[in-house]
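Note that ligands are numbered from 1 as they come in the structure, with each ligand's atoms numbered from 1 the same way. Note that these values count all heavy atoms, side chains included, but never hydrogens, waters or copies made by symmetry.
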Amino acid sequence: MTKTALITGATSGIGQATAREFAKHGIRLILCGRRLERLQTIQNYLSSLTQVHILNFDVRDKTATFKAIESLPENFKQIDILINNAGNAHGLDPIHEGNMDDWDAMMDINVKGLLYVSKAIIPQMTERKSGHIINIGSSAGKEVYPKGNVYCGSKHAVLAITEGMRIDLNPFGIKVGAINPGLVETEFSQVRFKGDKIADSVYKGFKALQAEDVAETIYFVVSRPAHVNIADVLLFCTAQASSTIVNKSLQIS
Ligand code: NDP
Ligand code: 8X3
């Protein structure tokens, strides 16, 4: 039977690549994000492969989140797979110089936004006693690096919430897991550094993970047999050993 997946943050990077990967395998898609034009473009090019519905909302807005999910047409209402991917880092500053608007953005989007979307969708999964939730954490959820403070805090929270979801949803047979990538070459650093040219240097000198690498991993996780739940994945590019150790002299073709 055709499954339906809702992907937040589908307008770029990992979310968009996951939409493409899922479409290749015929998964029906609900794609979410704030940039409507991008959603429409992606909907247009993936519609030859699968059915695509778009939802344009900000995950920080609780009311808009619930309204968007309630507005789903009948053939998209049953969500089998939820990919909680929307999120970003905002700034890279020592804690004593941190910008409180950046802190709000990271906690409101990466943590509270993930909770709002989950709250709007989990009841239908508990009712059906089936479903699969994948939260996109980060290596920053497993270790803390200099100036990473609040972003790392938000991703540690994502991992704790993932474990909590897995425990609480266990009686309902719902699969819950986290995918935690290291450095992935997306718009992530453009957002973190607010368009500053330092963003261009982040993925220079080594071959970072590409969004497609993460998307293929996510598809692998969702395509396991019913009795298998991949609970946690830590995914680095070969040049990366930890948040702070990246081998920039490694030649990888
Ligand atoms: P991108 O910046 O390319 O994508 C971020 C996505 O999140 C966009 O589609 C954006 O859509 C969406 N988003 C951001 N804020 C909001 C919001 N307030 N409401 C709704 N959607 C929002 O980055 P990535 O693809 O790299 O990041 C995706 C996830 O992967 C994030 O959770 C990130 O923390 C995580 N990650 C990234 C890594 C990396 O190195 N790139 C490594 C580990 C984890 P729009 O702006 O249209 O709303
Ligand atoms: C994104 C990876 O190392 O920039 O979560 O925090 S990192």
Review point. Against heavy atoms of A140, which atoms of ligand 2 measure under 4.0 Å?
Key: 6 (O)
Check your understanding: Are any of the N or O atoms of S138 closer than 3.5 Å to those of ligand 2?
Key -> yes
Exercise for review: Return the option from D108, I83, V59 holding the heavy atom at the smallest distance from atom 19 (N) of ligand 1.
Suggested key: V59
Review point. What distance separates M125 CE from Q78 CD, expressed to the nearest 0.5 Å?
Key: 9.0 Å
Review point. Which of the atoms in ligand 2, numbered in the order shown and given with their element, are less than 4.0 Å from a heavy-atom of Y151?
Key: 1 (C), 5 (O), 6 (O)
**Study point:** Identity and distance of the protein heavy atom lying nearest atom 8 (C) of ligand 1
**Key:** T11 OG1, 3.5 Å
Point to revise | For E187, atoms of ligand 1 separated by under 4.0 Å from a heavy atom | key: 2 (O), 3 (O)
Review point. K77 versus I69: any side-chain heavy-atom pair under 4.5 Å?
Key: no
Review point. Salt-bridged, R20 to E212, with N to O below 4.0 Å?
Key: yes
Point to revise | From CG (L29) to CD1 (I54), nearest 0.5 Å | key: 12.0 Å
Exercise for review: Starting from atom 2 (O) of ligand 1, find the nearest protein heavy-atom neighbour and note its residue, name and distance.
Suggested key: N88 ND2, 3.0 Å
Practice item. Using a strict cut-off of less than 4.0 Å between a Lys/Arg side-chain nitrogen and an Asp/Glu carboxylate oxygen, indicate whether R60 and D58 qualify as a salt bridge. Key: yes
Point to revise | 4.5 Å side-chain heavy-atom contact, Y116 and V59 | key: no
Review point. Does the side chain of I245 reach to within under 4.5 Å of the side chain of S242, using non-hydrogen atoms?
Key: yes
Review point. Out of curiosity, L6 CG to I133 CD1, how far, rounded to the nearest 0.5 Å?
Key: 11.0 Å
Practice item. Determine whether the side chain, the backbone, both or neither of Q16 has a heavy atom under 4.0 Å from any heavy atom of ligand 1. Key: neither
Exercise for review: Among all protein heavy atoms, pick out the one at the shortest distance from atom 18 (N) of ligand 1; state its residue, atom name and that distance to 0.1 Å.
Suggested key: D58 OD1, 2.8 Å
Review point. Hey, which atoms in ligand 1 end up nearer than 4.0 Å to a heavy atom of F57?
Key: 20 (C)
Review point. If we only count N/O pairs under 3.5 Å, is S139 in contact with ligand 2?
Key: no
Study note, to complete from the structure: If we number the atoms of ligand 2 from 1 as shown, the ones under 4.0 Å from a heavy atom of R192 are 4 (O)
Revision key, fill the gap. Checking heavy atoms under 4.0 Å, the part of A10 that sits near ligand 1 is backbone
**Study point:** Sub-4.0 Å heavy-atom approach of E185 to ligand 1
**Key:** no
Point to revise | Heteroatom proximity flag, Y203 to ligand 1, N/O under 3.5 Å | key: no
Practice item. Show which atoms of ligand 1 fall inside a sub-4.0 Å distance from at least one heavy-atom site of R35. Key: 8 (C), 10 (C), 11 (O), 45 (P), 46 (O), 47 (O)
Review point. Of the choices I14, N180, L39, which has the non-hydrogen atom that lies closest to atom 30 (O) of ligand 1?
Key: I14
Practice item. Starting at CD1 of I122, measure out to CG of L169 and round the result to the nearest 0.5 Å. Key: 5.0 Å
Exercise for review: Check whether any heavy atom of A105 sits under 4.0 Å from an atom of ligand 1.
Suggested key: no
Review point. In the protein, which heavy atom is nearest to atom 17 (C) of ligand 1, and how far is it?
Key: R34 NE, 3.5 Å
**Study point:** Polar proximity ligand 1 side, S139 side, N/O cut 3.5 Å exclusive
**Key:** no
Review point. Quick one: does Y145 get an N or O within less than 3.5 Å of an N or O on ligand 2?
Key: yes
Check your understanding: Does ligand 1 have an atom that lies less than 4.0 angstrom from a heavy atom of P181?
Key -> yes
Practice item. Quick one: look at F236 and ligand 1, take heavy-atom pairs under 4.0 Å, and tell me if it's side chain, backbone, both or neither. Key: neither
Exercise for review: May I ask you to identify the nearest protein heavy atom to atom 12 (C) of ligand 1, giving residue, atom name and distance to one decimal place in Å?
Suggested key: G9 CA, 3.5 Å
Exercise for review: List the closest protein heavy-atom neighbour of atom 41 (N) of ligand 1: residue, atom name, distance to the nearest 0.1 Å.
Suggested key: V184 O, 3.0 Å
Exercise for review: With heavy atoms of Y151 as the reference, note each atom of ligand 1 found under 4.0 Å away.
Suggested key: 33 (C), 34 (O), 36 (N), 44 (C)
Point to revise | Spacing of OG1 belonging to T186 relative to CG belonging to L209, to within rounding of 0.5 Å | key: 10.5 Å
Point to revise | Identified side chain to side chain contact (heavy atoms under 4.5 Å, CB included) partner of N180 from the options N135, V233, L234 | key: L234
Practice item. Please write down residue, atom name and distance for the protein heavy atom closest to atom 26 (O) of ligand 1. Key: T186 OG1, 2.6 Å
Point to revise | Atoms of ligand 1 close to L183 [distance to a heavy atom under 4.0 angstrom, numbered from 1] | key: 40 (O)
Point to revise | Heavy-atom nearest neighbour in the protein, as seen from atom 21 (N) of ligand 1, with distance rounded to 0.1 Å | key: A86 CB, 3.6 Å
Point to revise | Interfacing atoms of ligand 1 (cut-off 4.0 Å, heavy-atom, G13) | key: 3 (O), 25 (O)
Review point. Is the shortest side-chain N to carboxylate O distance from D104 to K112 below 4.0 Å?
Key: no
Review point. Under 3.5 Å, N or O to N or O, is N85 touching ligand 1 that way?
Key: yes
Review point. Does the distance from a Lys or Arg side-chain N to an Asp or Glu carboxylate O, for R166 and E163, drop under 4.0 Å?
Key: no
Point to revise | Reference residue F188; test ring pair (Phe, Tyr, Trp, His ring centres under 6.0 Å); the match among F193, Y203, Y151 | key: Y151
Review point. Are R35 and E187 close enough for a salt bridge, meaning some N to O gap below 4.0 Å?
Key: yes
Check your understanding: Between atom CG of L55 and atom CZ of R34, what is the distance when rounded to the nearest 0.5 Å?
Key -> 15.0 Å
Exercise for review: From the options G87, G182, G137, select the one whose nearest heavy atom is closest to atom 27 (O) of ligand 1.
Suggested key: G87
Review point. Is the closest side-chain heavy-atom distance between I7 and I30 below 4.5 Å?
Key: no
Practice item. Considering non-hydrogen atoms only, spot the tightest contact between I27 and Y219 and give its length. Key: CD1-CE1, 4.0 Å
**Study point:** Residues R38 and T11: side-chain donor-acceptor under 3.5 angstrom
**Key:** no
Check your understanding: Mind checking whether A208 has a heavy atom under 4.0 Å from ligand 1?
Key -> no
Check your understanding: For ligand 1, is there an atom lying under 4.0 Å from some heavy atom of T8?
Key -> no
Point to revise | Atom indices of ligand 1, in the order listed, that fall short of 4.0 Å to a heavy atom of S12 | key: 1 (P), 2 (O), 3 (O), 4 (O), 8 (C), 9 (O)
**Study point:** Contact check, side chains of K207 and C237, non-hydrogen atoms, under 4.5 Å
**Key:** no
